[in-house]
2 protein chains.
Amino acid sequence: MAGIKDVAKRAGVSVSTVSNVINGRHAKMGARTLRRVQEAIDDLSYTPNAVARQLKSGQIKTLGLVVPSVANPFWGNASQLIEKAALKRGYQVLICNAEREPELEATYFSSLYASSIRGTILGSSPVSFDHLREHARNGMHIGAFDRTTQGAEGVVTCSVSVDQSLGARLATRHLIGLGHRRIGFISGPIGTSSRTARLEGMRQELEKAGLTPDPDLVWLATNATGFGDSQAAELGRTGIRELLTLDDPPTAVFTVNDMYAIGACSGARELGFRVPEDLSVVGFDDIIMAKVMEPPLTTIRQPVEQMAELIVKKLIATLEGTETTDDAHVVLRPELIVRSSTAAPPAPNAQEKD
Amino acid sequence: MAGIKDVAKRAGVSVSTVSNVINGRHAKMGARTLRRVQEAIDDLSYTPNAVARQLKSGQIKTLGLVVPSVANPFWGNASQLIEKAALKRGYQVLICNAEREPELEATYFSSLYASSIRGTILGSSPVSFDHLREHARNGMHIGAFDRTTQGAEGVVTCSVSVDQSLGARLATRHLIGLGHRRIGFISGPIGTSSRTARLEGMRQELEKAGLTPDPDLVWLATNATGFGDSQAAELGRTGIRELLTLDDPPTAVFTVNDMYAIGACSGARELGFRVPEDLSVVGFDDIIMAKVMEPPLTTIRQPVEQMAELIVKKLIATLEGTETTDDAHVVLRPELIVRSSTAAPPAPNAQEKD
DNA sequence: CGTATTGTATGTAACGTATTACCAACTGAC
DNA sequence: GTCAGTTGGTAATACGTTACATACAATACG
């Protein structure tokens with residue numbers, strides 16, 4: 001309620017003087033004046049209006065963060081780490097849940113742009129970047145997090161991700177190494193680039209091992225129902241039930257993320273399958289839960305903390321013009337974490353001749 | 001980059017006219033003028049500057065949301081539902097992770113206040129509200145979510161929560177009903193009011209059943225290490241290991257939330273205890289994972305969606321002066337969800353005479 | 001004694017928008 | 001042909017802050 005004018009009046013000085021005090025420019029100021037101003041500030045419990053300040057300066061130390069859903073522990077965790085990294089550098093973070101919907105995402109971007117935010121971290125989005133191209137042209141700097149940036153030329157300023165395809169290949173290789181030949185894949189709507197990369201990586205590795213990917217073993221939720229990530233576990237459960245009731249069911253399944261894996265384990269158990277004795281499951285992300293669930297989940301770890309630190313550093317450097325010599329785009333290596341949800345297939349595989 | 005002036009110049013009209021178009025006051029405006037203005041807006045891809053708009057109007061349709069940690073699925077989920085409820089009413093939500101630290105919380109509040117935000121939902125905080133009292137006096141409206149509001153007179157405008165104590169009593173009663181006599185409690189730092197209420201509820205129910213609460217069975221993490229919620233599962237694991245290695249270990253444990261329960265199940269298995277055959281576990285919250293884990297978790301459900309809807313509705317009503325006749329404070333009933341992590345104790349209890 | 005030279009403190013013009021009051025031109029009726 | 005009423009548009013001001021240039025002392029110097 002109290003503005004800088006009120007403070008000035010109460011202290012008997014000009015508005016400029018108060019402004020000088022607030023911004024620490026009291027080097028050459030009368031000690032008496034300084035004290036009077038500070039007292040007035042305290043008395044009125046005055047807080048500078050950040051909005052006005054920002055209008056004047058044009059600057060705003062806030063980053064946007066667009067994620068699919070903080071209800072998914074992977075993104076909840078990532079959000080928190082990104083916020084922490086930003087805070088350390090004096091930036092705030094505005095978290096937006098886009099639910100993987102392009103329109104919602106576009107709306108959020110407009111809103112961020114209107115609020116003078118010129119840097120946002122994009123942690124999800126449909127394969128295409130077209131709906132963001134205009135914002136980018138108008139001065140919005142976009143950093144891609146955990147997703148490939150194909151087709152993003154001129155839109156994405158910097159990016160940090162994990163080699164999604166490699167992750168999928170590591171998972172698949174692990175299962176093949178255990179003796180699996182029929183390996184399923186479970187995912188929600190495949191509309192994001194990191195998801196397609198994961199599926200593609202798996203296919204590659206299967207072919208490399210001389211196996212023919214069976215389209216029947218790829219279970220993809222349609223996004224007809226508008227499912228968000230909140231239902232990921234539920235979808236994993238549904239998916240595995242359909243795969244396991246096929247005539248020739250898989251002996252192992254690779255899921256697009258750990259939430260689906262958790263759901264898959266649950267669904268398999270409901271049908272009387274034991275994990276890993278009757279079905280091996282590999283997830284992706286290595287969320288906290290993965291270590292602690294039963295059985296502990298074999299999964300692909302993404303170095304989230306490092307990724308968060310990097311993307312924030314890069315994006316802020318871009319914003320502040322402190323271009324470093326670092327690469328604008330880094331791709332980190334994911335890591336296979338072997339726990340107890342994978343094992344050799346139940347019996348010599350009768351169906352597979354090869 | 002392009003301001004309202006540029007649009008006006010390009011359309012050959014005055015600034016005010018453009019302003020009228022933007023704000024939908026084109027009822028009595030020449031069709032030609034209107035079209036020219038809209039074309040100019042499109043050409044320059046002009047977006048009204050939200051900052052300037054807000055400075056002028058003093059209004060801002062944004063709510064603050066302070067939570068312990070979005071990395072905890074309960075809060076991630078709650079955040080998402082709150083955001084959804086607010087968005088439906090035309091409000092944005094600014095999510096802040098306070099990590100249960102009073103200073104961080106106070107910093108966030110100052111920052112929200114400086115940004116002209118006058119309504120925030122508080123989803124966590126130390127027992128005392130003193131550090132928020134001044135903000136409240138200066139016009140910040142605070143809605144408490146999922147926490148009791150003792151000592152919050154004059155600080156909290158409205159609140160929605162669950163009867164924490166009742167939840168704890170339901171859990172305890174369930175365990176007692178199954179025949180358990182030595183029931184443990186596991187929690188992180190007990191510094192929040194909802195946590196103390198949960199512990200207290202359990203004690204009450206024990207005494208009501210004629211059992212004497214054994215302080216040795218109450219395991220509370222010290223907050224020496226500054227553990228946040230991210231480590232909740234880890235703490236649950238540590239806690240149960242200590243309780244199960246006592247001379248006279250508990251046959252059941254009630255944890256302060258589901259994340260601790262998950263950790264506890266994991267820790268128990270490491271020591272060779274089966275859940276629920278050797279140890280019963282009850283959680284709190286009913287996060288999505290609870291249904292899907294192994295074994296499915298018996299827990300106390302909070303009606304999060306309803307709570308989110310209510311708190312947003314109430315807080316916005318306060319802000320907009322649309323005082324309704326509703327109660328400012330509502331306390332909902334939690335519900336016991338019995339799944340498979342609880343069962344009768346392993347054997348006739350030899351130690352307990354009673 | 002007049003002119004620099006400091007040391008303080010003030011005035012003023014933005015920043016981009018919304019609102020209020022106001023003005024000009026046109027319409028139609030008496 | 002004048003007056004009221006209607007329609008379409010403008011100018012000025014305020015929102016709370018900051019940055020820059022300037023004013024006014026008082027002291028120092030030649």
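So that the names make sense, note that chain A is the first sequence line, chain B the second, and so on, each numbered from 1. All values below come from the heavy atoms of this structure, side chains included, with hydrogens, waters and symmetry mates left out.
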Bracket notation of DNA chain D in which parentheses pair within the strand, [ ] cross earlier pairs, and | pairs with another strand (Watson-Crick or G-U, under 3.5 Å): ||||||||||||||||||||||||||||||
Phosphate OP1/OP2 of D:dA19: any A:S19 side-chain N/O under 4.0 Å: no
Are the side chains of [Y] and [X] in contact, using a 4.5 Å heavy-atom criterion?
X: A:E320; Y: A:Q59; result: no
X: B:Y113; Y: B:S115; result: no
X: B:V312; Y: B:K88; result: no
X: A:F145; Y: A:L65; result: no
X: B:I117; Y: B:L63; result: no

Whole-Å distance between [N] [atom2] and [X] [atom1]?
X: B:R32; N: D:dT7; atom1: CZ; atom2: P; answer: 17 Å
X: B:N20; N: C:dA18; atom1: CG; atom2: P; answer: 10 Å
X: A:K28; N: C:dT5; atom1: NZ; atom2: P; answer: 14 Å
X: B:R35; N: D:dG9; atom1: CZ; atom2: P; answer: 13 Å
X: A:I22; N: D:dA19; atom1: CD1; atom2: C1'; answer: 14 Å
X: B:L44; N: C:dG16; atom1: CG; atom2: P; answer: 14 Å
X: A:N23; N: D:dA19; atom1: CG; atom2: C1'; answer: 10 Å

Approximate separation, where rounding is to 0.5 Å, of A:K56 NZ and B:L55 CG: 12.0 Å
Spacing of B:N77 atom CG and A:N72 atom CG [to the nearest 0.5 Å]: 11.0 Å
Flag for B:S14-B:T17: side-chain donor and acceptor within less than 3.5 Å: yes
Base-contact (B) and sugar-phosphate-only (S) positions in nucleotides 11-16 of chain D, heavy-atom cut-off under 4.0 Å, - elsewhere: BB-BBB
Sugar-phosphate, base or nothing in reach of B:V51, heavy atoms under 4.0 Å: nothing
Sugar-phosphate only, base, or nothing, as touched by A:R25 at under 4.0 Å among non-hydrogen atoms: sugar-phosphate
Exam field: side chain A:K314 to backbone A:V330, donor-acceptor pair closer than 3.5 Å: no
